[in-house]
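Okay, so here's the structure we're looking at.
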There are 2 protein chains.
Amino acid sequence: MRVRTPSELGALIRDYRMRHNLDQKSLAASVGVSRQWIVEIEQGKAGAPLGLVLRTLGALGIVLDAQQETPPSPKVKNKSHGVDAYVDINTIVAGARKKRK
Amino acid sequence: MRVRTPSELGALIRDYRMRHNLDQKSLAASVGVSRQWIVEIEQGKAGAPLGLVLRTLGALGIVLDAQQETPPSPKVKNKSHGVDAYVDINTIVAGARKKRK
DNA sequence: TTACAATGTCGTCGAACGCTGACATTTTAG
DNA sequence: CTAAAATGTCAGCGTTCGACGACATTGTAA
């Protein structure tokens with residue numbers, strides 16, 4: 001499942017929690033948060049700390065994979081001029097210089 | 001790339017930001033946060049709010065996909081007794097009853 | 001029915017957060 | 001080399017968060 005918003009992640013967590021036949025109290029205990037926090041996460045709380053979110057996913061056996069979003073269908077292919085959306089000549093030039101440690 | 005910890009996500013964001021040849025100030029502006037916040041996110045801040053994190057990923061063209069973690073290689077197959085890690089008899093019984101709206 | 005479990009909501013409080021502004025350090029441009 | 005840009009860090013301040021306890025609602029079990 002693709003995760004773009006806090007609400008989507010909340011639905012994901014709730015779905016997986018129920019698949020494992022866990023109640024909010026048990027999940028909260030294994031994650032190390034309050035039950036109220038589980039309620040709010042499942043409702044899509046945007047302010048939830050990243051660390052707790054990842055621990056919750058881990059407790060449910062969920063892993064996240066990051067990918068490059070598919071480009072918005074390039075209408076024009078490479079020509080002698082024009083700027084590619086993901087590769088810039090300046091990037092090449094800059095990359096030729098000493099890299100930051 | 002697999003994302004399991006705030007530090008991994010920070011490295012991911014930094015990597016993508018540099019691929020797009022953006023400085024912290026520009027990224028911060030497009031996400032709608034302060035430059036200091038970008039600094040902290042790239043350093044793996046665990047307390048960063050989920051909503052801002054997702055907006056940052058969106059600004060960089062990164063999408064997240066959630067998957068079920070591969071089971072830890074089941075040593076024993078289904079027998080007449082014993083508990084499967086992902087399917088519990090109680091789940092079946094409970095599921096046979098009326099579902100919560 | 002009654003009793004219990006699970007869920008959702010509401011205060012309160014201490015802790016952590018993000019922002020602004022400034023400054024030091026590091027890296028790049030000239 | 002020097003100057004500018006980019007990055008990392010700090011202190012102060014107002015806001016927001018998570019934990020806790022209590023309570024209402026809903027669904028299940030007896």
Side-chain angles (χ1 to χ4, degrees), chain A residues 5-60 88-101, chain B residues 5-60 88-101:
Chain A
T5 66
S7 294
E8 289 178 1
L9 190 129
L12 177 77
I13 289 176
R14 189 179 188 105
D15 181 45
Y16 271 73
R17 175 175 65 81
M18 290 181 168
R19 286 193 203 181
H20 288 285
N21 201 30
L22 290 174
D23 57 24
Q24 295 175 337
K25 185 179 177 184
S26 300
L27 177 59
S30 70
V31 175
V33 296
S34 67
R35 184 180 65 83
Q36 288 85 339
W37 189 86
I38 298 294
V39 172
E40 291 174 341
I41 258 289
E42 292 187 352
Q43 291 175 346
K45 187 174 188 82
L50 174 63
L52 296 185
V53 170
L54 293 178
R55 272 164 49 190
T56 303
L57 295 181
L60 291 173
D88 175 21
I89 181 61
N90 294 323
T91 306
I92 309 297
V93 175
R97 299 187 180 277
K98 182 174 61 179
K99 291 181 182 177
R100 190 180 287 260
K101 175 178 58 67
Chain B
T5 66
S7 294
E8 289 178 1
L9 190 128
L12 177 77
I13 290 176
R14 188 179 188 104
D15 181 46
Y16 270 74
R17 175 175 65 81
M18 289 180 167
R19 288 192 202 182
H20 288 278
N21 201 30
L22 291 174
D23 58 23
Q24 295 174 337
K25 186 179 177 183
S26 300
L27 176 58
S30 69
V31 176
V33 296
S34 65
R35 185 181 63 84
Q36 288 81 345
W37 190 85
I38 298 293
V39 172
E40 291 175 340
I41 258 288
E42 292 187 352
Q43 291 175 348
K45 188 177 189 74
L50 175 62
L52 296 185
V53 170
L54 292 177
R55 273 165 49 191
T56 304
L57 296 180
L60 291 172
D88 175 20
I89 181 61
N90 294 324
T91 305
I92 309 297
V93 175
R97 302 187 179 277
K98 183 174 57 180
K99 290 180 183 177
R100 192 179 288 261
K101 173 177 60 66

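Letters go in sequence order (proteins before strands), and every chain restarts at 1.
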A:Asp15: what forms a salt bridge (charged side-chain N to carboxylate O under 4.0 Å, His left out) with it, not counting sequence neighbours?
->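 So A:Asp15 forms a salt bridge (charged side-chain N to carboxylate O under 4.0 Å, His left out) with A:Arg19.
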The side chain of [X] is closest to which nucleotide in this list: [options]?
X	options	result
A:Ala48	D:dG8, C:dA6, D:dG18	D:dG18
A:Gln43	D:dG18, D:dA6, C:dG8	C:dG8
A:Trp37	C:dT7, D:dG18, D:dA6	D:dG18

Does the side chain of B:Arg35 get closer than 4.0 angstrom to OP1 or OP2 of D:dT9 through an N or O atom?
->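 No, B:Arg35 has no side-chain N/O under 4.0 Å of OP1/OP2 on D:dT9.
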Contact under 4.0 Å: A:Arg17 side-chain N or O vs C:dA6 OP1/OP2 =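 Answer is no, no contact under 4.0 Å.
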Spacing of [X] atom [atom1] relative to [N] atom [atom2], expressed in whole Å:
X	N	atom1	atom2	result
A:Arg14	C:dT7	CZ	P	7 Å
B:Asp23	C:dA29	CG	C1'	15 Å
B:Leu27	D:dG8	CG	P	13 Å
B:Lys25	C:dG21	NZ	C1'	14 Å
B:Ile41	C:dC19	CD1	P	11 Å
B:Leu52	D:dT15	CG	C1'	14 Å
A:Leu22	C:dA6	CG	C1'	13 Å
A:Glu42	C:dT9	CD	C1'	15 Å

By side chain to side chain donor-acceptor pair (under 3.5 Å), which residues pair with B:Ser30, not counting sequence neighbours?
->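 Side chain to side chain donor-acceptor pair (under 3.5 Å) check on B:Ser30 returns nothing, list empty.
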Side chain to side chain donor-acceptor pair (under 3.5 Å) partners of A:Ser26, counting only residues at least two apart |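 If we apply the side chain to side chain donor-acceptor pair (under 3.5 Å) test to A:Ser26, skipping adjacent residues, the hits are A:Asp23.
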Donor-acceptor pairs under 3.5 Å, side chain of residues 34-42 of chain A to any protein atom, not counting sequence neighbours: which ones?
residue	atom	partner	partner atom	Å
A:Ser34	OG	A:Trp37	N	3.3
A:Glu42	OE1	A:Arg14	NH1	2.9
A:Glu42	OE1	A:Arg17	NH2	3.3
A:Glu42	OE2	A:Arg17	NE	2.6
A:Glu42	OE2	A:Arg17	NH2	3.3

Looking at five pairs on each end of the helix from C:dT1-D:dA30 to C:dG30-D:dC1, what is the angle between the two axes, given to 10 degrees?
->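 If I round to tens, the end axes sit 50° apart.
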CA sep, side-chain torsions, deciding dist, call: A:Leu12, A:Leu60, side-chain contact (heavy atoms from CB on, under 4.5 Å) = CA-CA 10 Å; A:Leu12 177 77; A:Leu60 291 173; over 6 Å; no
Closest contact, heavy atoms only, A:Ala48 versus A:Val53 =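 Looking at all heavy atoms of both residues, the shortest contact is CB-CG2, 3.9 Å.
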Check the pair B:Leu27, B:Gln24 against side-chain contact (heavy atoms from CB on, under 4.5 Å), reporting the backbone distance first and the verdict last.
-> CA-CA 5 Å; B:Leu27 176 58; B:Gln24 295 174 337; 5.8 Å; no
To the nearest 0.5 angstrom, please state how far the NZ atom of A:Lys45 sits from the CD atom of A:Gln43.
->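 The CD atom of A:Gln43 is 9.0 Å from NZ of A:Lys45, to the nearest 0.5 Å.
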Got a second to check how far A:Glu8's CD is from B:Leu54's CG, nearest 0.5 Å?
->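 So the CD of A:Glu8 and the CG of B:Leu54 are separated by 9.0 Å.
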Using atom names, set out every protein N or O paired with an N or O of nucleotides 10-16 of chain C below 3.5 Å, distance rounded to 0.1 Å.
none

